[in-house]
**Student:** 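This structure is in structure tokens; I'll ask about it shortly.
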Amino acid sequence: MPPPFCGTSPNGTRTRACARRRGGRCPRCRRLDLPVATPVFSRPFATREGTTMAVEFSPEAAKKIEQIAARYPWKQAACLPALHIAQKEFGHLHDDALRAVAAALDLPYAHVYGVATFYTMLRREPAAPNVLRVCTNVACMLRGAYDVLAALEDKLGIRRGESTEEFTIVEEECIAACANAPAIVCGTRYFLDVVPEQVEEILAELRERPRPESEVV
Ligand code: FES
């Protein structure tokens with residue numbers, strides 16, 4: 001097993017907490033007299049190269065990330081919730097948003113980029129306020145998901161992956177509602193056992209009360 005993340009901060013210092021975790025000795029530098037690093041959230045956000053970033057977390061979001069990171073032995077474990085917070089804060093996960101997450105958690109940009117591009121609920125592109133995630137995985141496909149998807153596309157005049165002012169359609173993998181297939185999720189609102197005739201009703205409900213994905217965190 002590789003040695004655990006040793007708590008090295010962007011400016012090269014190592015944290016005392018790291019030394020304590022390993023019984024008083026850092027697994028990488030093997031030294032005991034480690035300087036205490038400046039707390040992450042008291043520094044201006046900066047990339048590893050030291051350039052100031054174009055976006056910064058609000059104090060509330062920064063505090064929330066700090067609290068989440070404190071629950072785990074390594075900040076890397078907080079990457080996913082931090083990305084959700086960044087998406088809520090910045091609208092979508094553009095490069096600067098990823099840099100802000102990397103700086104907040106002392107992680108390499110490449111790691112944050114890898115996580116952000118793995119999960120479909122993390123968006124690298126802007127989207128409409130309502131993102132309709134239509135599951136077409138096996139259970140939903142067998143129960144008519146493609147008919148529902150086609151009905152949505154016809155009604156909105158767009159194809160999957162495209163957006164109107166109000167809606168984005170995404171063809172999604174399993175959204176954990178197989179017992180009530182076919183299913184659509186929008187924010188935290190699940191539509192279950194959907195039939196094409198229901199599409200208009202679903203759109204009307206979401207126009208009345210939008211369900212942005214930011215409500216997830
Ligand atoms: S296959 Fe559609 S929710 Fe699981």
Side-chain angles (χ1 to χ4, degrees), residues 61 64-65 68-69 71-72 74 76-94 97-98 101 105 107 110-217:
K64 200 166 177 185
I65 292 174
I68 292 170
R71 294 181 201 153
Y72 304 101
W74 302 292
Q76 185 172 329
C79 189
L80 204 45
L83 283 166
H84 277 293
I85 291 169
Q87 184 162 272
K88 184 173 187 174
E89 186 97 342
F90 307 123
H92 66 282
L93 296 172
H94 44 72
L98 299 187
V101 172
L105 297 176
L107 291 174
H111 176 86
V112 178
Y113 178 89
V115 176
T117 52
F118 183 81
Y119 294 100
T120 55
M121 284 190 77
L122 298 173
R123 294 188 315 274
R124 291 275 290 150
E125 303 296 332
N130 291 299
V131 180
L132 293 157
R133 297 185 177 273
V134 185
C135 174
T136 56
N137 214 308
V138 178
C140 289
M141 178 190 68
L142 293 173
R143 299 253 302 156
Y146 279 106
D147 294 337
V148 173
L149 187 55
L152 267 177
E153 289 177 336
D154 287 349
K155 194 57 73 183
L156 294 173
I158 54 173
R159 301 274 299 156
R160 63 205 77 172
E162 296 177 349
S163 301
T164 65
E165 287 278 302
E166 295 169 298
F167 298 100
T168 296
I169 301 178
V170 176
E171 183 179 359
E172 190 57 278
E173 297 300 330
C174 182
I175 53 176
C178 318
N180 295 91
I184 299 173
V185 65
C186 183
T188 56
R189 173 75 163 102
Y190 271 76
F191 298 94
L192 305 172
D193 301 304
V194 181
V195 291
E197 294 71 29
Q198 265 179 284
V199 159
E200 203 150 344
E201 190 186 319
I202 290 170
L203 296 178
E205 180 188 317
L206 293 171
R207 281 191 180 104
E208 185 81 16
R209 187 187 163 186
R211 296 288 194 150
E213 292 196 320
S214 57
E215 70 181 2
V216 173
V217 287

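Residue numbers count from 1 along this sequence. In listed order, ligands and their atoms are each counted from 1.
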**Student:** For E200, I'd like to know if atom CD has over 12 heavy atoms of other residues, nucleotides or ligands within 6.0 Å.
**Tutor:**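 12 or below, so no.
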**Student:** For R160, which residues count as a salt bridge (charged side-chain N to carboxylate O under 4.0 Å, His left out) partner, sequence neighbours excluded?
**Tutor:**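 R160: salt bridge (charged side-chain N to carboxylate O under 4.0 Å, His left out) contacts with E153, E171.
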**Student:** For E166 and N130, run side chain to side chain donor-acceptor pair (under 3.5 Å): C-alpha distance rounded to whole Å, both residues' side-chain angles, the deciding distance at 0.1 Å, then the answer.
**Tutor:** CA-CA 6 Å; E166 295 169 298; N130 291 299; over 6 Å; no
**Student:** Mind listing the protein N/O/S atoms less than 2.8 Å away from atom 2 (Fe) of ligand 1? Waters don't count.
**Tutor:**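 Those protein N, O or S atoms (cut-off: under 2.8 Å from atom 2 (Fe) of ligand 1) are C135 SG, C140 SG.
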**Student:** If you compare all heavy atoms of G144 against all heavy atoms of P182, which two are closest, and at what distance to 0.1 Å?
**Tutor:**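 Nearest pair, atom of G144 first, then P182: C-CG, 4.4 Å.
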**Student:** Within the supplied structure, the quantity of interest is the number of heavy atoms (other residues, nucleotides, ligands) at a distance under 6.0 Å from Y113 OH; does it exceed 12?
**Tutor:**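 Open: at most 12 neighbouring heavy atoms sit under 6.0 Å from OH of Y113.
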**Student:** Is the closest side-chain heavy-atom distance between L80 and L122 below 4.5 Å?
**Tutor:**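 The answer is yes, as the side chains (C-beta and beyond) meet within the 4.5 Å cut-off.
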